[in-house]
Amino acid sequence: MVKGMSISETRLADTAAALPRHDWTRAEVRALFDLPFAELVFRAQSVHRANFDSAAVQISTLLSIKTGGCPEDCAYCPQSARYDTGVRAQKLMPLHAVLREARAAREAGASRFCMGAAWRSPKDREVEDVCAMVEGVKALGLETCATLGMLTAAQARRLKAAGLDYYNHNLDSAPEFYGNIITTRTYADRLETLERVRAAGIAVCCGGIVGMGETREDRVGMIATLAGLRPHPESVPINMLVRVAGTPLAGEPPLEALEFVRTIAVARIAMPRSMVRLSAGREDMSEETQALCFLAGANSIFYGPKLLTTPNPGRDRDRELMDRLGMTPMEP
Ligand code: SF4
């Protein structure tokens with residue numbers, strides 16, 4: 001019970017906290033980050049339980065359908081053609097190979113299959129190729145997600161017509177930090193693509209990356225911006241920077257694990273009905289940190305040994321961790 005409140009007042013406050021709001025101020029988000037750790041995690045778990053089965057985890061598998069050679073300069077990304085990271089540029093995968101991977105993902109328990117292509121913005125004929133993949137993956141009974149860079153309104157509508165359920169386009173960080181990380185497209189470009197995806201009727205997967213040298217205030221700004229989107233993104237991936245040799249961020253000091261857990265908890269409270277996804281960076285995270293993230297309201301993971309080009313815990317290790325935590329895959 002919150003100090004100074006009766007039980008019924010506390011329940012009312014709890015119910016209100018579990019409802020989505022879009023008017024989060026930075027001061028409110030900052031105040032959440034500043035809470036004592038146990039209080040923050042308790043509040044996040046309460047909001048989580050009001051909206052979700054606390055033992056269920058949504059499982060997504062991510063496949064790089066077109067790797068490397070990207071003209072953009074995202075400072076964290078090994079797929080940018082500007083950095084020497086040892087990632088070999090590859091053409092778009094053929095349809096049959098993508099469907100083979102999708103079948104394997106389904107058999108391993110995934111409910112959503114995400115296809116990522118390292119493009120600044122796809123050409124219309126490339127969108128057609130991806131549409132064939134979306135149709136094929138959908139026919140396997142999986143939810144579909146794609147991340148292809150910036151889209152035109154017509155391309156977004158075409159993908160929707162093919163059956164695309166989700167489109168991933170991350171905001172990456174706070175507007176004021178973004179320019180330190182990417183110079184080849186603006187924050188406004190990103191927001192525009194998100195609007196086009198929404199207008200086409202596709203659900204939005206949108207989050208960011210922490211540990212890129214940003215301040216806590218930048219993390220506050222990122223969550224406040226995400227929570228200001230109407231509606232909230234249905235999925236909110238929170239990535240821990242994977243420091244890949246050859247990228248400009250390779251030498252960044254790691255973000256403290258508890259600060260990562262705080263970011264997850266604040267995202268859960270600010271976007272109570274979104275899937276908050278533990279994304280990149282799990283490979284270097286202890287099981288205890290991951291367990292704390294679940295306690296703080298994370299309820300989605302990427303599953304499979306690779307995340308685009310960076311390593312991810314193997315399926316067996318993940319399954320074992322889920323079993324030990326008593327967590328079960330969420331139905332699509
Ligand atoms: S994050 Fe995407 S857009 Fe940026 S360099 Fe990597 S593949 Fe290109």
Side-chain angles (χ1 to χ4, degrees), residues 60-93 98 114-123 126-127 129-130 133 145-152 155-156 159 164 166-175 177-194 196-197 202 204-214 218 222 225-226 233 235-250 252 277 279-283 302 306-312:
S60 297
T61 290
L62 175 60
L63 174 70
S64 180
I65 57 171
K66 187 265 163 195
T67 304
C70 181
E72 301 293 276
D73 69 350
C74 310
Y76 51 82
C77 182
Q79 300 202 68
S80 168
R82 296 164 193 248
Y83 316 133
D84 186 8
T85 59
V87 170
R88 264 191 321 116
Q90 287 166 24
K91 288 199 194 124
L92 187 64
M93 279 173 75
V98 172
C114 309
M115 294 165 273
W119 287 316
R120 171 181 164 81
S121 45
K123 298 184 180 74
E126 291 166 334
V127 169
D129 290 338
V130 175
M133 295 173 187
C145 176
T147 179
L148 316 171
M150 292 182 284
L151 293 182
T152 65
Q155 288 175 334
L159 286 161
L164 187 70
Y166 288 82
Y167 194 78
N168 163 266
H169 202 59
N170 289 332
L171 285 178
D172 283 357
S173 193
F177 185 73
Y178 180 87
N180 298 326
I181 301 297
I182 299 146
T183 66
T184 49
R185 58 176 150 188
T186 65
Y187 213 72
D189 289 333
R190 298 219 170 202
L191 290 166
E192 220 168 85
T193 289
L194 290 171
R196 289 171 182 159
V197 166
I202 301 170
V204 167
C205 171
C206 180
I209 308 173
V210 297
M212 298 193 291
E214 78 286 344
D218 295 323
M222 176 180 84
T225 308
L226 288 167
S235 285
V236 180
I238 303 290
N239 298 277
M240 177 79 107
L241 175 72
V242 178
R243 293 162 294 152
V244 179
T247 61
L249 297 183
E252 273 306 318
R277 180 178 304 143
S279 299
R282 277 203 310 123
E283 172 74 1
F302 271 128
K306 229 175 170 193
L307 270 189
L308 295 176
T309 61
T310 56
N312 199 42

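Both ligands and their constituent atoms are indexed starting at 1 by order of listing.
Under 3.5 Å, the side chains of Tyr76 and Asn239 contain no donor-acceptor pair of N or O atoms. Side-chain atoms of Asp73 and Thr184 form a donor-acceptor pair, as typed in the model, at a separation below 3.5 Å.
When hydrogens are left out, the protein atom nearest atom 3 (S) of ligand 1 is Arg185 NH2, 2.7 Å; that is the closest non-hydrogen contact.
Under the side-chain contact (heavy atoms from CB on, under 4.5 Å) criterion, Cys205 pairs with Asn168, Ser235, Pro237, Arg277, not counting sequence neighbours. For Phe177, there are no ring pair (Phe, Tyr, Trp, His ring centres under 6.0 Å) partners, not counting sequence neighbours. Tyr83 is linked by a ring pair (Phe, Tyr, Trp, His ring centres under 6.0 Å) to nothing, counting only residues two or more places apart in sequence or in another chain.
For atom 4 (Fe) of ligand 1, protein N/O/S neighbours under 2.8 Å (waters excluded) are Cys74 SG.
Checking side-chain atoms of Lys66 against main-chain N and O of Gly68 turns up a donor-acceptor pair under 3.5 Å.
Annotation for ligand 1: atoms under 4.0 Å from non-hydrogen atoms of Tyr76 are 1 (S).
With a 4.0 Å heavy-atom cut-off, ligand 1 is reached by no atom of Met150.
Between Val130 and Leu159, some side-chain heavy-atom pair lies under the 4.5 Å cut-off.
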